[in-house]
Amino acid sequence: MDKPAIPTFAVLGHPNEGKSSVVSTLTEDDSVRISPFPGETTVCRHYPVTIDGREILRFVDTPGFQQPRKTLEWLAAFQGPPADMAAAFIAAHKDNPDFSHETELFSPLAKGAGIVFVVDGSRPLRRVDIMEMEILRLTGLPRMAVINTKEHHRAEFLDDWKHEARKHFNTVRLFDAHRATCAERIDLLESLKHIDPEWQPMLQEVIAAFKNDWQGRINRAVTVILDLLAGAARHVVSDTCGDESQAPHTRTKLETRYRTDIQKMEKAALQEIRKLFKHNLFDVELPPHSIVNEDLFSKKAWHVLGLGQWQLAAAGAAGGGILGANIDLALAGHSLGAFTAIGGLLGGGSAIFGARRAFNARVKGLPLGRLKVEVGPVKTDQMLFILLDRALIYFSHVSNWAHSRREPPLQAPAPAGRQGITSQWEAANRKEFARFFAAARKNDWPALAALKPVTAGILGRTLQELSERKIPLE
Ligand SMILES: Nc1nc2c(ncn2[C@@H]2O[C@H](COP(=O)(O)OP(=O)(O)O)[C@@H](O)[C@H]2O)c(=O)[nH]1
Ligand SMILES: [Mg+2]
């Protein structure tokens, strides 16, 4: 029997134990069908793991056993060379519909695949499980048992499983298919290395490629976030109007456009981060109470995220009275009393917290008496730190979200107090970002280029830490 050119593992087990979930999580493929109804898989399906378009590892999802007792009897009585056992079993049963699942699940084994046996560690061990483990032991193929712990397992069941599985498998691992982090996935792959010495060098390469790929995603996420921040910092919208009386209306329109633009920029950046982590089909939903679900310009987002006044001041934020009425009106020979009146009117009761007072509004005279109204760039760092915090929370969620997990997170009470990460950073880090924001606001490209490595370093370390958290931020 020749081994496949690419390390290949058949994922076997009783229906509904979590085989498809393990495959989905390990291959980061959210198109793998996961179902609460047992027996949906009747034919093998191949799930390649590709990095940079190259297939480096392959899992085969299989149907569960149908006839474990009879299969075990047949295998126990088999007299030929062990390497031929799987092929001989298929040849002997291929026309018998009662064994259609077994002939199907033996086919990757006949072609030299290793075995990953998945059991549901949250239920008690039964006789039929022992039979299935014995079947796999008799094949003599390299094999590992994965005890899918699910979230609510019972310790006494797990002990029974571990004890029994050790008798039949070279390696036994606990793995929570729906909650595994990247580090736990890599751990499982490390274990696969030990079940078959022949694949050890190739799996070593696979693991190195995985780690490298993960680092690449973090680096790309850093760029996406920095680009979002720089883009938002320098953003300006403008329009013209006929005369002074129309200026307040134009300005209000522009402020709405400004906010919509920033919201769109944020959304695009978050979607890009989601794609980096290969969540293609299912929108990773954050818990309902997550601050990222709140409107970017809501009072709540501004209250819960971002920095306190003193932190902003210490970071050297532009504009002294950060949330004060410091609308900067660069007048070009026009009196703009109307502006002040409108500003005062909306300022107090506006639901759009902070926002109105947070960016510059300018009016310039144009030839023929027309006026140019300009809104932006943002005057305070608050909005930018809020964008940064929201991106960090979102990143923490998608980088930790197992691909087999399709249901939204449970409703939980909203955590109290400030949830932002940047407010817990060292002041020196915030200062670097404040410098970066100031450079972006002024379109000072040389300063931006000089600050990028520092801010990218801070952000990269933060993302690394977040991606290693078992429980994501909300
Ligand atoms: N909560 C939880 N449910 C799981 C886990 N693994 C599988 N399930 C659920 O168990 C059922 C069967 O899972 P699936 O992966 O399709 O099992 P398969 O039939 O062995 O391929 C589905 O409803 C899954 O959502 C897990 O780790 N945690
Ligand atoms: Mg399945």
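Heads up: numbering here begins at 1 and tracks the sequence. Atoms within a ligand are numbered from 1 in the order they appear, just like the ligands themselves. All of these numbers come straight from a predicted model, not from anything done at the bench.
Sequence neighbours left out, the pairs with a member in residues 116-145 that pass ring pair (Phe, Tyr, Trp, His ring centres under 6.0 Å) are Phe117-Phe169.
Between Trp74 and Phe78, the ring centre distance stays below 6.0 Å.
Here the shortest heavy-atom distance to atom 10 (O) of ligand 1, taken over Lys150, Glu17, His14, belongs to Lys150.
The aromatic rings of Phe385 and Phe433 sit tilted relative to each other, their planes meeting at an angle between 30° and 60°. Note on ring orientation: taking the six-membered ring where Trp is involved, the planes of Phe106 and Phe89 are tilted (angle from 30° to 60°).
Under a 4.0 Å criterion applied to the non-hydrogen atoms of Asp176, ligand 1 contributes the atoms 27 (O). Each of the atoms 15 (O), 16 (O), 22 (C), 24 (C), 25 (O) of ligand 1 lies under 4.0 Å from some heavy atom of Ile34.
The shortest N or O to N or O distance between Pro15 and ligand 1 is not under 3.5 Å. Remark: ligand 1 and Arg33 share no N or O pair separated by less than 3.5 Å (distance only, no angle test). Between His178 and ligand 1, an N or O atom pair is found at a separation short of 3.5 Å.
Comment: Glu426 does not engage Arg461 in a salt bridge, judged by the lack of any side-chain N to carboxylate O separation of less than 4.0 angstrom. A salt bridge between Asp261 and Arg257 is absent, with no side-chain N of the basic residue lying under 4.0 Å from a carboxylate O of the acidic one.
Among protein atoms, those of element N, O or S found less than 2.8 Å away from the Mg ion (ligand 2) are Ser20 OG.
Partners of His235 under the ring-ring contact (aromatic ring centres under 6.0 Å, His included) rule, at least two apart in sequence or in another chain, are Tyr258. Scanning for salt bridge (Lys or Arg N to Asp or Glu O under 4.0 Å) contacts around Glu266 gives Arg390, with sequence neighbours left out.
In Asp120, neither the side chain nor the backbone holds a heavy atom less than 4.0 Å from any atom of ligand 1.
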Side chain to side chain contact (heavy atoms under 4.5 Å, CB included) evaluation trace for Glu104 with Thr42: CA-CA 8 Å; Glu104 187 68 19; Thr42 55; over 6 Å; no
